[in-house]
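Numbering of residues begins at 1 and proceeds along the displayed sequence. Order of listing sets the numbers, starting from 1, for every ligand and every atom in it. Computed from a predicted model, the values in this text were never measured in an experiment. Computation of the quantities below employed the complete heavy-atom set of this structure, encompassing side-chain atoms and omitting hydrogens, waters and symmetry-equivalent molecules.
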Amino acid sequence: ATGPDGRWLVEVEDLAVHFPGRRRGLPLPGRGRPAPVRAVEGVSLRIAPGETLGLVGESGSGKSTTSRVLAGLQAATAGTVRYDGVDATAPDRALRRRLAKEVQLVFQDPYASLNPRRTVAQTLDTPLRLHTALDAGQRRARSAELLEQVGLPAAHLDRYPHEFSGGQRQRIGIARALAPEPRLIIADEPVSALDVSVQAQVLNLLMELRERLGVAFLFVSHDLAVVRHFCDRVAVMHRGRLVESTDRDRLFAAPHTEYTRELLAAAH
Ligand SMILES: Nc1ncnc2c1ncn2[C@@H]1O[C@H](COP(=O)(O)OP(=O)(O)OP(=O)(O)O)[C@@H](O)[C@H]1O
Ligand SMILES: [Mg+2]
């Protein structure tokens, strides 16, 4: 499932992320530094162009930390990240710029992720200004187009976030992510803060856009029903490690590890 040149869009090899251990209470005499938190340990995964990889696992298993490394928001303690065949473990300026355009994020909380003082037009203008050569008039027209693409009327461009519902705000967040024409969207629990009825609508929108634009997804979720609906392949994390990484259908039909079986059983 690689691109025409046989390339993976993302290749993560043996990734580790450790955080310094936190001291609780007063340091005890005779004790050294607390052990580091091994948030991610030995994780390898790949995403082909246009493919959707689901990342599942219980709370604290390292899903967000892994996705933050891919988004360039978190440094790796060890391991390598390759993007489109290029080493992106410690990206230089030019590569950081390219990644800032081609890798976009959709966040869990549509209330916190939009600036309440900026209109939709202003919110959408920033990525267009940074990552395209469009002039102000063209950016306004493109913003209107993006808004319609996510199912909102272009007439709402000059509204503020508080004038929208949660689901509509998440649509605005999706429009913002689409603005730079990304190749990879990292979505960390993008629908879990929404009402169940709205979740399906937003997921359907994401599926429709994925079909139309051919963008790849890293889709982080603890909701296996959502993952089953949305993802091509699924990687299962447990305590910082990848315990299984397989085809969606194979995972649900015949989970390999006891942990995945428990996870699936717990979801029913
Ligand atoms: N900045 C940080 N400093 C210290 N520890 C951290 C930091 N970020 C994450 N951790 C720890 O790393 C581990 C993995 O956290 P992470 O947020 O990646 O889990 P998660 O799988 O996304 O969980 P959830 O489903 O609750 O979102 C946890 O033990 C967490 O407490
Ligand atoms: Mg998380």
Quick check: are there more than 12 heavy atoms from other residues, nucleotides or ligands sitting under 6.0 Å from [atom1] of [X]?
X	atom1	answer
Arg261	CZ	yes
Arg118	CZ	yes
Arg117	CZ	no

* To do: Could you tell me whether Arg68 and Asp188 have a side-chain N and a carboxylate O separated by less than 4.0 Å?
  =>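 Looking at Arg68 and Asp188, the cut-off is not met.
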
* Salt-bridge present (Asp84, Arg183; N to O < 4.0 Å) -> yes

How long is the gap from [atom1] on [X] to [atom2] on [Y], to the nearest 0.5 Å?
X	Y	atom1	atom2	value
Leu55	Phe217	CG	CZ	15.0 Å
His229	Arg248	NE2	CZ	9.5 Å
Gln74	Leu15	CD	CG	9.0 Å

Just to confirm my output: which protein heavy-atom neighbour is closest to [atom], and how far is it?
atom	value
atom 28 (C) of ligand 1	Gly60 O, 3.9 Å
atom 31 (O) of ligand 1	Arg22 NH2, 4.2 Å
atom 26 (O) of ligand 1	Ser59 OG, 2.5 Å
atom 30 (C) of ligand 1	Val37 CG1, 4.9 Å
atom 27 (O) of ligand 1	Ser64 OG, 3.9 Å
atom 12 (O) of ligand 1	Ala39 CB, 3.2 Å
atom 6 (C) of ligand 1	Phe19 CD1, 3.2 Å
atom 18 (O) of ligand 1	Thr65 OG1, 2.6 Å

* Based purely on interatomic distance, does Gly62 place a nitrogen or oxygen under 3.5 Å from a nitrogen or oxygen of ligand 1? -> yes

* **Distance-only N or O hit between ligand 1 and Glu189, under 3.5 Å** =>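 No; every N/O pair is 3.5 Å or more apart.
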
* To do: Keeping waters out of it, list the protein N, O or S atoms under 2.8 Å from the Mg ion (ligand 2).
  => Ser64 OG

* Within 45° of the ring axis of Phe230 and under 6.0 Å from its six-membered ring centre, is that where the NZ or CZ of Arg210 lies? ->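 Yes, a cation-pi geometry.
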
* Test the Arg169-Phe164 pair against the cation-pi criterion, namely NZ or CZ under 6.0 angstrom from the six-membered ring centroid and within 45° of the ring axis. => no

Show which side-chain atoms of residues 197-204 pair as donor or acceptor with protein atoms under 3.5 Å away, not counting sequence neighbours.
residue, atom, partner, partner atom, Å
Gln199, NE2, Val191, O, 3.1
Gln199, NE2, Leu194, O, 3.2
Asn204, ND2, Ala200, O, 3.3

